> 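Structure below; questions to follow.
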Amino acid sequence: MTTLSTFRELNGIECGKAVRARIAEAAARVKSKRGHAPHLAAVLVGDDPASQTYVGSKVKACEEVGFRSSLLKRPADIAEADLLRLVDQLNNDPQVDGFIVQLPLPKHINEERITLAIAPGKDVDGFHPQNLGRMLLGLPGYLPATPNGIVELLKHYEVPTEGKHCVVVGRSNIVGTPMAILMSRNANPGNCTVTIAHSRTKDLPAITRQADILIVAIGKPNFITADMVKQGAVVVDVGIHRVDDATRKKGYRICGDVDFDAVAPNSAWITPVPGGVGPMTVTSLLLNTLKAAEN
Ligand code: L34
């Protein structure tokens, strides 16, 4: 067996920059046409440090492309009824093109109820059943940010997907399941033969080793090891974990679901963590917000 020592990075910062340059041009056109820039609002409940970081990146990305953004912070003990009232205000605010409620929410709040309350036309996360249903049927709508960010990444680097076996590990409503649908669609990227693997899959390594394209969203740090990946595979790591590391200034380091150092040498293409899928989630949110403003 030959060992590939050179792999290429699917770099979300680089790709994000290219896509955001196009978004900035389109934002300027929107602004000159209707007088105000696309406007994204983000609701952040509580003080989870990771959520603060992610929402912070979203606000910063808005500035970068000339969008207006509003960050609405609420305490962790906000009543569900009050959060629903806020959602309703945003649904009815003509100044806001689209908005998100950052997940996870505190335990006492029913995430499903909140997601369902967001007007589908403003649901730039693409989490509402109407948008997920439209995606399933290939109708125009908002695509879920992380899966669409991955599609954008594969497109940017011109990774061939047609006829490939894509294995998606994880079946969440916001990543694994929509990802599998997007990869099987008659589109480019797309036209894959897709397998969805999950916690009840038998002999997972035997399945993941069949993947030409392996997309991992299982939420376990360094879960995918070298023996689970075929030589020359394309590996996309959706995981993002903060693991304690006293040698780092912040006291932690970030890793994904894939053991990058072990897997990268066998891969043709691989996403780093950080700097891979995360920045593309943010970019994809900008794409949806632009779409909202154009409609
Ligand atoms: N409503 N909730 C809603 N929409 C979303 O799209 C999200 N998600 C996920 C969590 N909850 C959500 C995000 O925003 C995950 N996520 C997200 C966004 C950005 C990044 C990671 C996850 C990101 O930019 N990650 C950086 C590292 C950031 C760090 O230092 O921790 C990266 O390079 O991967």
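These numbers come from the heavy atoms of this one structure, side chains and all, not from hydrogens, waters or symmetry mates. Everything numeric in this text was worked out from a predicted model, so none of it was measured.
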> Looking at every heavy atom in both Ser284 and Pro144, which two are closest together, and how far apart are they?
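Residues Ser284 and Pro144, closest heavy atoms: OG-O, 4.4 Å.
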
> Is the backbone of Arg171 close enough, under 3.5 Å, to the side chain of Thr177 for a donor and an acceptor to pair up by distance?
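It does hold such a pair.
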
> Please answer whether the main-chain N or O of Asn188 pairs with a side-chain N or O of Arg185 as donor and acceptor at a distance below 3.5 Å.
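Answer holds: no.
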
> Take Leu286 and Phe67 through the test side-chain contact (heavy atoms from CB on, under 4.5 Å) and record every step on the way to the result.
CA-CA 9 Å; Leu286 298 176; Phe67 286 8; 3.9 Å; yes

> Taking the six-membered ring for Trp and the single ring otherwise, decide whether the centroids of Trp269 and Phe7 are under 6.0 Å apart.
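No, ring centres 6.0 Å or more apart.
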
> Indicate whether the side chain of Arg242 and that of Thr53 have a donor and an acceptor atom separated by less than 3.5 Å.
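Indeed, the side chains of Arg242 and Thr53 share at least one donor-acceptor pair under 3.5 Å.
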
> Using modelled atom types and a 3.5 Å cut-off, is there a donor and acceptor pairing between side-chain atoms of Thr271 and backbone atoms of Asp237?
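Checking the backbone N and O of Asp237 against the side chain of Thr271, a donor-acceptor pair under 3.5 Å is found.
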
> Is atom CG of Asn186 surrounded by more than 12 heavy atoms (other residues, nucleotides or ligands) closer than 6.0 Å?
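Counting neighbours around CG of Asn186, 12 or fewer heavy atoms of other residues, nucleotides or ligands fall under 6.0 Å, so no.
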
> Keeping Asp257 on the side-chain end and Gly219 on the backbone end, is there a donor-acceptor pair under 3.5 Å?
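Yes, because the side chain of Asp257 sits within donor-acceptor range (under 3.5 Å) of the backbone of Gly219.
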
> Quick one: CG on Leu285 to NZ on Lys58, what's the gap to the nearest 0.5 Å?
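Here the rounded value is 5.5 Å.
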
> Atom OG1 in Thr281, atom CG in Asn148: separation rounded to 0.5 Å?
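That separation rounds to 10.0 Å.
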
> Got a sec, which residues hit side chain to side chain donor-acceptor pair (under 3.5 Å) with Asn11, two or more places apart in sequence or on another chain?
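Scan of Asn11 (side chain to side chain donor-acceptor pair (under 3.5 Å), adjacent residues dropped) gives Glu9.
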
> About how many Å separate CZ of Arg20 and CG of Leu287, when rounded to the nearest 0.5 Å?
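One gets 10.0 Å once the value is rounded to the nearest 0.5 Å.
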
> So for atom CD, which belongs to Glu80, do other residues, nucleotides or ligands contribute more than 12 heavy atoms lying within a distance under 6.0 Å?
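Yes - once you tally the heavy atoms of other residues, nucleotides and ligands closer than 6.0 Å, there are more than 12.
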
> Measure from the side-chain N and O atoms of His128 to the backbone N and O of Gln130, and report whether any donor-acceptor pair falls under 3.5 Å.
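Looks like yes, one N/O pair under 3.5 Å.
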
> Given 3.5 Å as the limit, does a donor-acceptor pair link the side chain of Asn191 with the main chain of Glu162, or not?
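It does not hold such a pair.
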
> Answer yes or no: is there a donor N or O on one side and an acceptor on the other, between the side chain of Lys122 and the main chain of Val96, under 3.5 Å?
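Judged by distance alone, yes, a pair lies under 3.5 Å.
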
> Do the charged groups of Glu152 and Lys155 touch, with an N to O distance under 4.0 Å?
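Salt bridge flag = yes for Lys155 with Glu152.
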
> Taking the side chain from Asp97 and the backbone from Leu40, do they hold a donor-acceptor pair closer than 3.5 Å?
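Side chain of Asp97 to backbone of Leu40: no pair is present.
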
> One pair to check against side-chain contact (heavy atoms from CB on, under 4.5 Å): Val229 and Thr208. What are the steps and the verdict?
CA-CA 6 Å; Val229 181; Thr208 56; 5.9 Å; no

> In Å and rounded to the nearest 0.5 Å, what is the OH to CG distance from Tyr54 to Asp48?
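These two atoms lie 8.0 Å from each other.
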
> Return each pair, listed once, that meets salt bridge (charged side-chain N to carboxylate O under 4.0 Å, His left out) where at least one residue sits in residues 195-223; pairs must be two or more places apart or across chains.
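Qualifying pairs: Asp212-Lys230.
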
> How about Leu71 and Lys73: do any of their side-chain heavy atoms sit closer than 4.5 Å?
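With C-beta onward as the side chain, the pair touches.
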
> Does the side chain of Val194 reach to within under 4.5 Å of the side chain of Ser184, using non-hydrogen atoms?
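Of all side-chain heavy-atom pairs linking Ser184 with Val194, at least one is under 4.5 Å.
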
> Does Asp93 reach the main-chain N or O of Gln95 with its side chain, forming a donor-acceptor pair under 3.5 Å?
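Side chain of Asp93 to backbone of Gln95: a pair is present.
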
> How about Gln210: does its CD atom have over 12 heavy atoms from other parts shown lying under 6.0 Å from it?
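Enclosed.
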
> If I take atom OG1 from residue Thr283 and atom CG from residue Asn288, how far apart are they, to the nearest 0.5 angstrom?
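Taking OG1 in Thr283 and CG in Asn288, the distance rounds to 11.5 Å.
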
> Is there a donor-acceptor contact under 3.5 Å from the side chain of Arg248 to the main chain of Lys250?
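Not confirmed, Arg248 side chain does not pair with Lys250 backbone.
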
> Nearest 0.5 angstrom please: Thr195 OG1 to Ile215 CD1, how far?
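One gets 11.5 Å once the value is rounded to the nearest 0.5 Å.
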
> Below 4.0 angstrom, N of the basic side chain to O of the carboxylate: do Arg85 and Asp88 qualify?
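Result for this pair is no, no salt bridge flagged.
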
> Using the rule given for side-chain contact (heavy atoms from CB on, under 4.5 Å), can you reason through Ser267 versus Val234, listing the C-alpha separation, both sets of side-chain angles and the distance that settles it, and then say yes or no?
CA-CA 6 Å; Ser267 320; Val234 176; over 6 Å; no

